[in-house]
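Worksheet: one structure, shown below.
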Number of protein chains: 2
Amino acid sequence: MQSQGKPTINDVARLAGVSKKTVSRVINRSPLLNGSTRAKVEAVIAEIGYVPNVQARALALRHNFLIGLVHDNPNAQMVMNVQAGMLEAMRDTEFELIVRPIDRGSSTMLQDIRAFLERQRLYGVMFLPPVSENEMVADLCRELGIRYVRMGSATLDSAKHMVASNDADVVRDAVKHLLSLGHRRIGLIAGPHGFRSARERRKGFEEALAEAGIKLPRSLIADGNYTFETGLAAADRLLDLSPRPTAIFASNDEMAAATLHAAMRRGMTVPENLSIIGFDDTAIASHIWPPMTTVHWPIISMARSAALKLLTDFFGDDQAVEEPSLFPSTLIHRASVAPPRED
Amino acid sequence: MQSQGKPTINDVARLAGVSKKTVSRVINRSPLLNGSTRAKVEAVIAEIGYVPNVQARALALRHNFLIGLVHDNPNAQMVMNVQAGMLEAMRDTEFELIVRPIDRGSSTMLQDIRAFLERQRLYGVMFLPPVSENEMVADLCRELGIRYVRMGSATLDSAKHMVASNDADVVRDAVKHLLSLGHRRIGLIAGPHGFRSARERRKGFEEALAEAGIKLPRSLIADGNYTFETGLAAADRLLDLSPRPTAIFASNDEMAAATLHAAMRRGMTVPENLSIIGFDDTAIASHIWPPMTTVHWPIISMARSAALKLLTDFFGDDQAVEEPSLFPSTLIHRASVAPPRED
DNA sequence: TTGTAAGCGTTATCAG
DNA sequence: CTGATAACGCTTACAA
């Protein structure tokens with residue numbers, strides 16, 4: 001009976017004069033189907049406004065039409081950008097985005113992820129750094145037979161399972177830029193231990209100095225945690241130094257904004273007294289004054305690509321354009337950098 | 001057979017020597033169950049690590065274990081805060097959060113929401129402003145029989161379906177504060193037309209002036225759209241005025257940050273030459289220099305409460321503490337406000 | 001190329 | 001209080 005509630009596959013089958021299975025084949029775009037049969041069924045579907053029940057399909061197919069986003073990230077803007085990118089790729093599909101923040105550090109993290117994946121039977125899942133850097137999440141997905149993509153600051157996995165940026169390279173360039181302007185005492189606010197991105201960015205920083213034959217005292221490197229507060233503390237430590245650094249590279253925008261904050265609080269002027277470069281190119285970088293020179297991290301593109309990788313089986317062969325896996329970051333020149341002014 | 005794959009309700013039933021239905025009753029915390037039977041079943045569940053299959057439950061129950069978040073919001077930080085609050089409430093439940101951005105303005109918006117709700121059969125859904133202000137989404141949820149909560153800047157619905165803040169009141173207080181410091185030419189950067197929050201905040205602004213018997217030229221009100229860019233344009237318009245306003249209230253932090261940006265770009269000093277008050281108390285307010293006086297909008301608490309309202313049936317009567325519906329905002333005093341200095 | 005029968009794992013009905 | 005049986009709506013064998 002169709003009169004009651006929403007039409008089901010049975011209604012379609014009956015009205016089209018075919019079997020349920022044939023309707024099912026139409027829904028699932030089975031290739032072995034007579035064109036006229038398909039047309040007939042599609043006509044009925046359109047006419048009565050039939051929409052397949054996702055719960056029933058999920059039960060039979062053993063997977064949901066959901067793409068998961070697993071993260072444990074201190075940066076809100078980054079997570080939002082990732083969501084935006086993924087949703088862009090998923091637009092006009094039947095897939096939905098399910099968000100799952102987790103507690104790295106928790107001893108049950110891996111079990112939590114496993115429970116989440118097993119329970120929801122996701123179609124695919126995307127991991128953000130730093131969780132994505134944990135090799136065990138990849139193992140877990142392979143064991144569970146679930147599609148996954150990891151985002152990272154360096155290549156961690158095969159192209160199918162990875163979207164990466166070249167953090168070390170672009171930071172090296174950024175620091176070289178500082179050097180070319182005449183800066184010699186350059187401070188680094190490093191990211192948290194255990195983050196691959198933090199390591200890569202630091203590596204780029206050190207490579208640039210090494211290539212220029214410059215050896216800096218260890219004191220010019222301060223530890224941060226990618227948060228504003230830790231950035232503030234690190235910047236204060238650096239600015240207390242004597243002689244003071246003439247430029248600071250902060251491993252993300254949040255800490256770069258904190259550096260600007262710390263400098264202005266002391267009555268310093270940026271970029272006259274201090275040049276600052278950040279990393280991420282999140283909104284705050286261009287919103288603060290002076291607008292901040294920073295590395296543009298193409299997160300939205302990476303996230304979109306990641307989602308497309310996850311959906312590649314679904315879209316079928318016709319759309320089998322290989323999604324890129326490496327997304328070059330670029331330095332965005334704004335107003336927080338100038339040649340050093342000795343005073 | 002349990003050897004293959006994950007244990008099912010049948011395995012539990014067999015091992016416990018009861019029927020499937022009895023196990024089902026245990027899972028669903030049915031009150032009419034013999035204590036010893038329950039204990040026996042629970043023991044088996046724990047022993048073999050049985051986890052109910054959500055897809056099958058969804059099919060039988062006609063609803064998923066998902067809470068939806070529907071929004072069309074220009075402010076990333078706000079959406080993240082909402083997610084954080086909701087997820088906090090959902091922690092340690094079997095519910096997951098599914099995020100659905102929509103395109104207000106699209107002629108198919110309501111149909112899109114309907115399709116989403118019907119397809120996913122959510123357990124409950126939360127609407128953010130400005131979509132939440134549309135009475136038709138509430139009608140839709142009632143028609144579909146789906147739990148919903150709306151967030152807004154004024155009371156739009158019954159307590160069960162609403163979390164609201166008192167924007168007009170707190171803005172009135174904020175502007176009175178400006179007046180008490182001696183400001184007389186106060187500019188307003190208004191929010192977008194059609195947003196209830198924009199209207200409420202403007203109302204508070206106008207009430208404060210009216211109560212003080214001050215009549216301001218229409219030119220001191222500039223239109224914004226809650227984005228940085230529109231805030232910048234509006235601030236420039238205001239700062240081009242002669243005489244210039246000595247203080248500006250911006251209807252959200254993003255536009256307040258833009259106001260600061262515009263002022264500093266002109267070489268003005270804040271708060272000496274211009275006092276600024278924002279609204280939201282998002283991260284940027286405290287991160288920029290000088291730290292910005294703003295209205296703290298308790299979004300995280302509101303979102304947590306909203307999710308709890310959605311889950312109230314699930315938690316059962318024992319936890320039936322009535323969640324609040326009104327969340328007072330408060331003015332946070334920072335460094336962007338000072339008495340006017342005539343120069 | 002299409003159809004038939006048997007699940008997928010759970011809950012509702014209604015009897016005991 | 002508990003259990004047998006029929007849904008829930010779709011897909012996967014396996015035939016035809």
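A, B, ... follow the sequence lines: proteins, then strands. Residue 1 opens every chain. Values reported hereafter were calculated over all heavy atoms of this structure, with side chains retained and with hydrogens, waters and symmetry mates removed.
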Q | Polar pair under 3.5 Å, donor/acceptor by atom type, side chain K20(B), base dT10(C) | A | yes
Q. Hey, is the side chain of S19(A) poking within less than 4.0 Å of OP1 or OP2 on dT2(C), counting only N and O atoms?
A. no
Q: Could you state the atom-to-atom distance from CZ of R121(B) to P of dG9(D) in whole Å?
A: 7 Å
Q. Of all the choices, dC8(C), dT2(C), dC8(D), which nucleotide is nearest to the side chain of R62(A) once you look at every atom?
A. dC8(C)
Q | Value in whole Å for how far the P atom of dC10(D) lies from NE2 of H63(A) | A | 15 Å
Q: For the side chain of L59(A), starting at C-beta, report the closest nucleotide among dT11(D), dT11(C), dG9(C).
A: dG9(C)
Q) Just how far, in rounded Å, is C1' of dT5(D) from NZ of K21(B)? A) 12 Å
(Q) Tell me the interatomic distance from N34(A), atom CG, to dG3(C), atom P, rounded to whole angstroms. (A) 11 Å
Q: Could you check how far CZ of F65(B) sits from C1' of dT10(C), rounded to whole Å?
A: 10 Å
Q.
So for R25(A) and dG3(C), does any side-chain atom that can act as donor or acceptor lie under 3.5 Å from a complementary atom in the base?
A. yes
**Q.** Phosphate-side-chain proximity, N53(A) and dC8(D), N/O vs OP1/OP2 below 4.0 Å
**A.** no
Q: Among dG9(C), dC1(D), dT11(D), find the nucleotide with the atom closest to the side chain of A60(B).
A: dG9(C)
Q: Round to a whole Å and report the spacing from NZ of K6(A) to P of dC8(D).
A: 15 Å
(Q) Can you work out whether I27(A) or V18(B) has the more 5'-proximal nearest nucleotide on DNA chain D? (A) V18(B)
